[in-house]
4 protein chains.
Amino acid sequence: MQATLALAQEIGYARLSIEAVAARAGAGKHTIYRRWPSKGLLFLDSLLSLNEPVLDYPDTGDVLADLREQIYAAVDLLASPPWGPLYRALIGEAQHDPAVAAALNDRFIRPQTDKTIARLKTAQDQGQVSPDLDLDLVMAILSGPLYFGLLITQESMTHDYIDRVLDALFTGMSPRH
Amino acid sequence: MQATLALAQEIGYARLSIEAVAARAGAGKHTIYRRWPSKGLLFLDSLLSLNEPVLDYPDTGDVLADLREQIYAAVDLLASPPWGPLYRALIGEAQHDPAVAAALNDRFIRPQTDKTIARLKTAQDQGQVSPDLDLDLVMAILSGPLYFGLLITQESMTHDYIDRVLDALFTGMSPRH
Amino acid sequence: MQATLALAQEIGYARLSIEAVAARAGAGKHTIYRRWPSKGLLFLDSLLSLNEPVLDYPDTGDVLADLREQIYAAVDLLASPPWGPLYRALIGEAQHDPAVAAALNDRFIRPQTDKTIARLKTAQDQGQVSPDLDLDLVMAILSGPLYFGLLITQESMTHDYIDRVLDALFTGMSPRH
Amino acid sequence: MQATLALAQEIGYARLSIEAVAARAGAGKHTIYRRWPSKGLLFLDSLLSLNEPVLDYPDTGDVLADLREQIYAAVDLLASPPWGPLYRALIGEAQHDPAVAAALNDRFIRPQTDKTIARLKTAQDQGQVSPDLDLDLVMAILSGPLYFGLLITQESMTHDYIDRVLDALFTGMSPRH
DNA sequence: TCATAAACGAGACGGTACGTCCAGTCTTTGA
DNA sequence: TCAAAGACTGGACGTACCGTCTCGTTTATGA
C-alpha cells in the first residue's frame, strides 16, 4: 500500500489525494482511513518504510571521522532523487499538522539523534570531546546547518559543503582559536 | 486586505481558504486572484507586511555581542504569539510550492543574511573574525540550530538556548580548544 | 429479528439500513443476507409478521354491511400509528423493486382480494349482487379510492370517508339512478 | 438539465444518483444541489417538464363520454413507455419523502383534480350528475381503481379495462339498479 | 463423548454515492 | 471601467452503506 508513494513522486505531495492513493492501490478509501488518520501520517509511514535499512553509526575510534561519514550517508540519502523532495514535503506537512510533527520526531528524528548522541557519549568518555558539552545541543548544531540548506536556501548538499561546515565548527570560527 | 491574516491566526494557515479571505475582506475572489497567484504568496505578503520594521543590526564594535543581540531579537519575534506558528506555516508551504520558497528567500532570508554578512564582514576587516571564513556558511551555522529547533524539534526558543548555542560555537566543541 | 422494524418506526424506512438492523439485532450482516435478498423483502416480512391475526371476513348475510365492516377494519389497521406509514413505505418500495411488488401481491394483496371475492361470490349466489359483475374489478373499485387517499392525497381515513365512498358507489353517481 | 432523466430511463430511478446526473449533464454537483434539495424533487421537476402539454378536458356536453376520453388520454400517457415506470417511481418516492408527496400533489394531482371537478361541476349544473355528490370523492372513486391497478396489481391499463370500470361505476353495482 | 459441521457475531474489504467545501474561471451588475 | 458578488465545472473531502468475504466461536448432530 505504501508503495503508492509512487504517486507522491509522480505528482508531488501537495497534489496527492487520499482518493487517488486508494484508486491506485486498488483499495477502498475506508481501508486507508481505517489505518491512517490523515494524509500526512500515511505519507510519513510510507516514507519511513522506504528507509528501514537505517542510518547506523560507524565507530572507528575517531569521532570526527565517524560523524563525517554518518552525515555523508544521511545527506546522500536525502539528496538522492526519491527522498530529497519527499522528505522536504514531509517536514513541510509537519509545520501544518502537529500529529505529523510529533510522529516525525518520534519515529525518525529522535532515533537518529539518539544514535548520534550515543556515539558522542562514547567519544566524551574517551576524552575526544569536551565533557561538559550538551550533546542534544551538539546534535542541533550539527544538523541545523544542513536543514537550513535543505529547507530554506535549498542548496544542493555536497560532501564538500559538509566538510566546510564541520571544519568551521571544529576548527572554530573566531580568530582566538 | 492582508489584514485578513487575522483568519490565519484564528483557524490556522492549513485551513485558510482564499474563499474565506475574500469573504472576510469583503472582496471578490477575482480581486485576490488578480493580485496573488496562490494562497502561499498571499500569505507571504501578508506576513511580511507585519514585519516592516525589520531586524536591523546593531554595531557596538563587538561582533559576538551584536550577533547575540540580533539573534535575541529575531528569536523573540519568531517566538511571540502571532508570528511563530505563522512563520512555521510559511516555511512549511515553501516546501510544497517553489514560488513561495523563492519569494521567501528573496524577500526575507536573503536580506537578513545580507545584513548578517555585512556585519561579519566589518568584523572580519577589524580582525575579530578569521579572514578565511565563508560568511554564507557562518550564516547557515548560526541560523541552522535555531531553525532546527523551530521546525524539527519544536523547542521553545529561550535566550538561554541561544547563549548555549553561541557558546558552543565560539568556545569550540572539541577539547583541543 | 423482524422485531427490528422498531428501527423503521424510529428513523423511517428510507433511512433504514441493513447494517443498522444487524447492529440493533446483535446479528452479523451475513445472517441477514442469508435470509433476505434485499432490504425491501426483509421489511415486507417484518411488516407482515406483525399482522398475523389477519383481516377475516364476517358473514352476517348482508354483503354491504360486511364489506363495510371489513373495510373499517382494514382502514383502522392501516391508519393506526405503527402500520400506516410503514405500509405506505412498503408500497413505495414496491414501485422500485419488482421482487417486493410481486411478494406484496402474493403475500398480502391477493389473499385479501381472495377473501373479498369469496364473500362477494356468496352474495352473488344469493342474488344480492348482480351476477355479471367482474369481482376482481369490484375489488379494484372498492380498494382504489382508499389507496388513492392513502398514497396520493394522503387524507386521514375515517369511517365517515369510507361510508361516503360506499354510498356513492352503491347508490350510484348519475342522476338516472 | 432535466433532459438527464434520460438516465432514469436507462438505469431506472432507483439506481439514479445525483452524481451520475451531474456527470451526464456536464455540471457540477453543487449546481444541482443549488436548485433541487433532493433527488426526488429533481426527478419530479424533470418528469413534469416532459408533460407540459397537459391533459385538458374536452366538453362535448356528455359528461360520461368526456370523462371516458380524458381517462383514456391519461392512461395512454401513463402506459406509454417512458412515462409509466417513471411515474410509478415518482409515486414510490413520494411514499418516502413528504416533500415529494406535497409537490406531487400541488403540481400534478391537484391541477388534474381541479379540471375534473370543474367538468363535473358543469355537468352537475346541467343536471347530468346528482347535485349532492361530493366531487372530490368522485375524483377519488374514478382515479382510485386506476391507481390500484397501476401501483398495486400492476395490470396493463387498456381502454377496455377503463370501460369496464366506468360501466361498473355508472350502471351501478348492486342489483337494485 | 467427542469430532464435524453448520450457523453465527464480528468486522475488514473494494466500491459507490452522499452532501460539503474550495479551487479557479467566467458572467452579471452597480458605482 | 472596475470591483463586488456569485454562478459555474471540477474534484477531493470524510462518512455511510452496500454486498462479499474471511475470521474464530458457539451450537448441534451423528458417529
Side-chain angles (χ1 to χ4, degrees), chain A residues 1 4 7 11 13-42 97, chain B residues 1 7 11 13-42 96-97, chain C residues 1 4 7 11 13-42 97, chain D residues 1 4 7 11 13-42 97:
Chain A
M1 188 84 66
T4 33
L7 267 174
I11 62 174
Y13 173 79
R15 269 189 292 277
L16 193 65
S17 73
I18 289 186
E19 194 123 8
V21 167
R24 170 74 77 102
K29 283 201 284 178
H30 202 52
T31 306
I32 293 180
Y33 281 112
R34 195 180 347 257
R35 295 222 231 278
W36 293 278
S38 68
K39 183 174 84 154
L41 289 173
L42 161 60
D97 182 342
Chain B
M1 187 85 64
L7 266 175
I11 61 174
Y13 173 78
R15 270 189 292 276
L16 193 66
S17 72
I18 291 186
E19 195 121 9
V21 167
R24 170 74 77 101
K29 284 201 286 179
H30 212 59
T31 309
I32 292 181
Y33 280 111
R34 193 174 300 125
R35 296 222 232 277
W36 293 280
S38 70
K39 181 173 85 155
L41 291 172
L42 161 61
H96 305 311
D97 182 342
Chain C
M1 185 85 63
T4 33
L7 266 174
I11 61 175
Y13 173 79
R15 270 189 293 277
L16 192 66
S17 71
I18 290 186
E19 196 123 8
V21 168
R24 169 73 77 103
K29 284 200 285 177
H30 210 59
T31 307
I32 293 180
Y33 280 112
R34 194 175 297 125
R35 296 222 231 275
W36 295 279
S38 70
K39 183 174 84 154
L41 290 172
L42 161 61
D97 181 343
Chain D
M1 188 84 65
T4 33
L7 266 174
I11 61 175
Y13 174 79
R15 269 189 293 277
L16 193 66
S17 73
I18 290 186
E19 194 122 9
V21 169
R24 170 75 76 103
K29 282 201 284 179
H30 204 54
T31 305
I32 293 180
Y33 281 112
R34 197 186 337 265
R35 295 222 232 277
W36 295 279
S38 69
K39 183 173 83 154
L41 290 172
L42 161 60
D97 183 342

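In what follows, every chain begins at residue 1, and chains take the letters A, B, ... in the order their sequences are listed.
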Can you say whether a donor on the side chain of H30(B) sits under 3.5 Å from an acceptor on the base of dC26(E), or the other way round?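 Side chain to base: pair found, below 3.5 Å.
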Does any donor-acceptor pair link the side chain of K29(C) with the base of dG9(E) at a separation under 3.5 Å?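 No.
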In whole Å, what is the span from the [atom1] atom of [X] to the [atom2] atom of [N]?
X: W36(A); N: dC13(F); atom1: CH2; atom2: P; result: 15 Å
X: L16(A); N: dA12(F); atom1: CG; atom2: C1'; result: 12 Å
X: R24(B); N: dA4(F); atom1: CZ; atom2: C1'; result: 18 Å
X: L41(B); N: dA23(E); atom1: CG; atom2: P; result: 15 Å
X: Y33(B); N: dG6(F); atom1: OH; atom2: P; result: 17 Å
X: I11(B); N: dC21(E); atom1: CD1; atom2: P; result: 13 Å
X: K39(B); N: dA23(E); atom1: NZ; atom2: P; result: 7 Å

For G26(B) and for G26(D), locate the closest nucleotide of DNA chain F by heavy-atom distance; then report the residue assigned to the nucleotide nearer the 5' terminus.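 Its nearest nucleotide lies further toward 5', so the answer is G26(B).
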Does the side chain of K29(D) come within less than 4.5 Å of I32(D)'s, by heavy atoms? no
Can you figure out which of dT20(E), dT15(F), dA23(E) approaches the side chain of S17(B) most closely?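 Closest nucleotide among those given: dA23(E).
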Considering only side-chain heavy atoms of A27(A), which listed nucleotide, dG14(E), dT20(E), dG9(E), is closest? dG14(E)
Minimum heavy-atom separation for [X] and [Y], please, with both atom names.
X: D97(B); Y: S38(B); answer: OD2-OG, 3.7 Å
X: A22(B); Y: G28(B); answer: CB-C, 4.1 Å
X: Y13(D); Y: K39(D); answer: O-NZ, 3.2 Å
X: V21(B); Y: L16(B); answer: CG2-CD1, 4.0 Å

Toward the 5' end of DNA chain E, by each residue's nearest nucleotide, E19(C) or I18(D): E19(C)
Using the closest heavy atom to pick a nucleotide of DNA chain E for each, name whichever of G28(A) or G28(C) lands nearer the 5' end.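 Its nearest nucleotide being more 5', the pick is G28(C).
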For a quick check of understanding: with a heavy-atom distance under 4.0 Å over all strands, which category does [X] fall into, base, sugar-phosphate or nothing?
X: R15(A); answer: nothing
X: R35(D); answer: sugar-phosphate
X: T31(D); answer: base

Just N and O in the side chain of R34(C): are any of them under 4.0 Å from OP1 or OP2 of dA7(E)?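 Result: no.
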